[in-house]
Amino acid sequence: MSQIESRWSNIDGLSVHFVEAGEGEPTLVLLHGGGFDSCRLSWRLAVEPLASRLRVLAPDLPGFGRSDKPAIEYDLDFYTSFLKKFLEHQGLDSVVLCGLSMGGMLSTSVTLRFPE
């Protein structure tokens, strides 16, 4: 079993919470949905089994969970840019994205905008 660790990153002045577990390639990034969602709400039962085989990151997107909630316009362009910066901050060039609802839309947007 892999231990799930709660971590923080500062992305453009925003304090961003995420959970991390496991190791290996590829890194799987789990993206939660909208509404009142968060990484732990959507992915709490999935992180540990997935982390037994690979590295897993699951961020609380800005405006959700334990991450900062600034009074800004949250739109797809913002989240796409944010996720690219989050991945760069983690030193990741290539990942597998998996999203639920809004996270699925974000996964598609990032993949289309940054196919590399």
Side-chain angles (χ1 to χ4, degrees):
M1 269 190 262
S2 177
Q3 182 173 350
I4 300 171
E5 297 190 31
S6 190
R7 299 202 185 276
W8 297 89
S9 284
N10 187 301
I11 311 293
D12 288 344
L14 295 176
S15 182
V16 177
H17 172 258
F18 64 100
V19 296
E20 179 177 16
E23 55 186 41
E25 297 288 332
T27 297
L28 174 63
V29 179
L30 302 174
L31 302 169
H32 62 75
F36 295 103
D37 213 347
S38 69
C39 66
R40 293 231 186 227
L41 183 60
S42 281
W43 302 111
R44 71 183 178 280
L45 299 177
V47 170
E48 189 173 314
L50 291 168
S52 70
R53 306 187 78 198
L54 46 102
R55 182 179 180 207
V56 178
L57 299 178
D60 279 332
L61 297 170
F64 293 90
R66 297 171 65 190
S67 291
D68 282 350
K69 298 165 184 64
I72 61 172
E73 184 175 340
Y74 296 102
D75 60 16
L76 186 56
D77 285 335
F78 167 78
Y79 283 121
T80 301
S81 176
F82 162 79
L83 185 56
K84 176 71 169 157
K85 291 173 187 175
F86 175 80
L87 296 174
E88 289 170 350
H89 191 264
Q90 302 307 315
L92 299 169
D93 295 325
S94 180
V95 297
V96 174
L97 298 174
C98 177
L100 170 69
S101 189
M102 181 186 82
M105 182 175 63
L106 176 55
S107 295
T108 302
S109 177
V110 169
T111 300
L112 290 173
R113 191 174 296 171
F114 307 106
E116 67 282 358

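For the single chain, residues carry numbers from 1 onward in sequence order.
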Trainee: Mind checking the CG-CG spacing from Leu87 to Leu57? Nearest 0.5 Å is all I need.
Mentor: 8.0 Å
Trainee: Grab the two heavy atoms, one from Ser101 and one from Gly33, that are nearest each other, plus how far apart they are.
Mentor: CB-CA, 4.2 Å
Trainee: Verify the cluster assignment for Val47 and Leu41: are they in a single hydrophobic cluster under the rule of side-chain heavy atoms below 4.5 Å apart?
Mentor: no
Trainee: Please determine whether a side-chain nitrogen of the Lys or Arg among Arg55 and Glu23 lies less than 4.0 Å from a carboxylate oxygen of the Asp or Glu.
Mentor: no
Trainee: Between Lys69 and Asp60, does any NZ, NE, NH1 or NH2 come within less than 4.0 Å of an OD or OE carboxylate oxygen?
Mentor: no
Trainee: Consider only side-chain heavy atoms of I, L, V, M, F, W and Y, link residues closer than 4.5 Å, and tell whether Ile4 and Val16 are in one cluster.
Mentor: no
Trainee: About how many Å separate NE2 of His17 and CG of Asp68, when rounded to the nearest 0.5 Å?
Mentor: 12.5 Å
Trainee: Pick one: which of Thr80, Leu106, Leu97 meets side-chain contact (heavy atoms from CB on, under 4.5 Å) with Thr111?
Mentor: Leu97
Trainee: Any side-chain heavy atom of Val19 within less than 4.5 Å of one from Arg40?
Mentor: yes
Trainee: Verify the cluster assignment for Tyr74 and Leu14: are they in a single hydrophobic cluster under the rule of side-chain heavy atoms below 4.5 Å apart?
Mentor: yes
Trainee: Start with the C-alpha distance between Met105 and Leu76, add both sets of side-chain angles, then the distance that settles side chain to side chain contact (heavy atoms under 4.5 Å, CB included), and finish with yes or no.
Mentor: CA-CA 8 Å; Met105 182 175 63; Leu76 186 56; 4.2 Å; yes
Trainee: How many angstroms lie between atom CG of Asp12 and atom CZ of Phe78, to the nearest 0.5 angstrom?
Mentor: 8.5 Å
Trainee: Write down the atom of Ser15, the atom of Trp8, and the distance for their closest heavy-atom approach.
Mentor: OG-CE3, 3.3 Å
Trainee: Can you name the nearest heavy-atom pair linking His32 to Cys39, along with the distance?
Mentor: CD2-N, 3.6 Å
Trainee: Atom CZ of Phe18 and atom CZ of Arg66: how far apart are they, to the nearest 0.5 Å?
Mentor: 12.0 Å
Trainee: Looking at Arg53, I want to see if its CZ is surrounded by more than 12 non-hydrogen atoms of other residues, nucleotides or ligands under 6.0 Å.
Mentor: no
Trainee: Using the rule that two of Ile, Leu, Val, Met, Phe, Trp, Tyr join whenever any of their side-chain heavy atoms come within less than 4.5 Å, decide whether Leu28 and Leu100 are in one cluster.
Mentor: yes
Trainee: Should we say atom CG of Asp93 is surrounded by more than 12 heavy atoms from elsewhere, each under 6.0 Å from it?
Mentor: no
Trainee: Which pair of heavy atoms, one from Pro59 and one from Leu31, lies closest together, and at what distance?
Mentor: CG-CD2, 3.9 Å
Trainee: Drop me the distance from Leu61's CG to Phe64's CZ, to the nearest 0.5 angstrom.
Mentor: 6.5 Å
Trainee: Between Leu92 and Val110, is there a shared hydrophobic cluster once you connect ILVMFWY residues whose side-chain heavy atoms come closer than 4.5 Å?
Mentor: yes
Trainee: If you measure from CG on Leu30 to SG on Cys98, what distance do you get to the nearest 0.5 Å?
Mentor: 5.5 Å
Trainee: Can a donor-acceptor pair be found, under 3.5 Å and without considering hydrogens, that links the side chain of Tyr79 to the backbone of Pro62?
Mentor: yes
Trainee: What pair of heavy atoms forms the shortest contact from Ser38 to Gly65, and how long is it?
Mentor: CB-CA, 3.8 Å
Trainee: Taking all non-hydrogen atoms of both residues into account, name the closest pair between Gly99 and Ser107 and its distance.
Mentor: N-OG, 3.6 Å
